[in-house]
Amino acid sequence: MSVPEENPFRNYRHTASVVGLPVFAGALLLLLASVQPVQPDRIRLWVWCAVGIAAMFTLLGIVGRAALRQQVRKGNPHCATPIGRRYMLLVFISSAAGVLESAALAVCVLTGWIRLHIGILLPGMLAALTAALAAAGIVWRTIGRPGTK
């Protein structure tokens, strides 16, 4: 008899720790960029941020799948099961996306493209936190399937 594979998404706190940073940083970047003043005949900053985030996730998905195939060929035990492969891909994409989105947010703030004041920062952070917790809940419910063994 085979032992059922362990589901790494079984715990909501663990899932939130994996999914939370990229969703929080991306949502905060988009929210703060969307309330910036715009100059005439210019594309709004949030459009550039959205296109950049979409391109980044596409590239990370391609690179992550190539790296995952290489790990499967090498016999990595973490990539032996379908849930393990999904988990490793999500961890790779989430960690790289979290770093890149945080760097993009820092660049936008330090260059002055995003002007911060407390009136937009706190509501933006609360909305981004809500989005991060909701996204973690969606991943946990769809992949983790709580209540099943």
Side-chain angles (χ1 to χ4, degrees), residues 6-74 76-146:
E6 175 109 7
N7 190 342
F9 296 103
R10 70 194 174 285
N11 184 336
Y12 175 75
R13 284 181 284 160
H14 177 73
T15 305
S17 71
V18 171
V19 175
L21 178 63
V23 174
F24 178 80
L28 186 60
L29 180 63
L30 289 173
L31 288 168
L32 293 177
S34 69
V35 296
Q36 299 305 309
V38 65
Q39 296 175 353
D41 301 329
R42 291 264 175 117
I43 297 176
R44 294 193 54 111
L45 181 60
W46 73 268
V47 174
W48 287 110
C49 293
V51 169
I53 289 171
M56 176 198 59
F57 273 109
T58 302
L59 289 174
L60 286 176
I62 292 168
V63 170
R65 288 184 194 282
L68 192 63
R69 281 192 298 273
Q70 183 67 22
Q71 290 301 311
V72 169
R73 260 187 255 123
K74 285 184 175 182
N76 186 335
H78 298 294
C79 301
T81 61
I83 193 74
R85 288 190 289 275
R86 268 188 253 145
Y87 177 71
M88 294 303 286
L89 183 62
L90 182 68
V91 168
F92 171 77
I93 291 173
S94 292
S95 60
V99 169
L100 292 172
E101 287 171 343
S102 297
L105 183 59
V107 166
C108 287
V109 169
L110 293 175
T111 59
W113 293 337
I114 291 180
R115 295 184 195 109
L116 291 179
H117 55 83
I118 202 73
I120 63 168
L121 182 61
L122 286 179
M125 289 178 75
L126 286 172
L129 177 64
T130 303
L133 293 175
I138 290 168
V139 169
W140 179 60
R141 290 291 294 171
T142 57
I143 299 175
R145 293 180 197 83

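Throughout, residue positions are numbered sequentially from 1 according to the sequence presented.
For the atom pair OG1 of Thr15 and CG of Leu90, the computed distance is 8.5 Å after rounding to the nearest 0.5 Å. A distance of 10.5 Å separates CG in Leu68 from CZ in Arg73, rounded to the nearest 0.5 Å. Between atom CG of residue Leu45 and atom CG of residue Leu30 there is a gap of 9.5 Å, rounded to the nearest 0.5 Å. Here the straight-line distance linking atom CG of Leu121 with atom CG of Leu28 works out to 6.5 Å at 0.5 Å rounding. The structure places CE of Met56 at 9.5 Å from CD1 of Ile93, a figure rounded to the nearest 0.5 Å. Atom OG1 of Thr58 is separated from atom CD1 of Ile53 by 11.5 Å, given to the nearest 0.5 angstrom.
Of all heavy-atom pairs spanning Leu32 and Ile120, the tightest one is CD2-O, 3.7 Å. Closest heavy-atom contact between Ala16 and Ala136: CA-CB, 3.5 Å. Closest approach of Ser102 and Gly98 over heavy atoms only: OG-O, 2.8 Å. Minimum heavy-atom separation, Cys79 to Met88: SG-CG, 4.1 Å. Contact record, Tyr12 with Trp140: N-NE1, 3.5 Å, taken as the closest heavy-atom pair. Residues Glu101 and Gly26 come closest through the heavy atom pair OE1-N, 3.3 Å.
The closest donor-acceptor contact from the side chain of Ser17 to the backbone of His14 lies under 3.5 Å.
Partners of Val99 by side chain to side chain contact (heavy atoms under 4.5 Å, CB included), not counting sequence neighbours: none found. Leu31 pairs by the side chain to side chain contact (heavy atoms under 4.5 Å, CB included) definition with Ala127, not counting sequence neighbours. Contacts of Phe92 classified as ring pair (Phe, Tyr, Trp, His ring centres under 6.0 Å), with partners at least two apart in sequence or in another chain: none.
Between Val72 and Arg69 the shortest side-chain heavy-atom distance does not fall below 4.5 Å. For the pair Leu29 and Ile114, the minimum side-chain heavy-atom distance is below 4.5 Å. Side-chain contact between Arg115 and Pro37 is present, with at least one heavy-atom pair separated by less than 4.5 Å. Between Gln71 and His78 there is no side-chain heavy-atom pair separated by less than 4.5 Å.
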Open item on the list: Between Leu100 and Phe57, does the side chain to side chain contact (heavy atoms under 4.5 Å, CB included) criterion hold? Intermediate values first, please.
Closed with: CA-CA 10 Å; Leu100 292 172; Phe57 273 109; over 6 Å; no
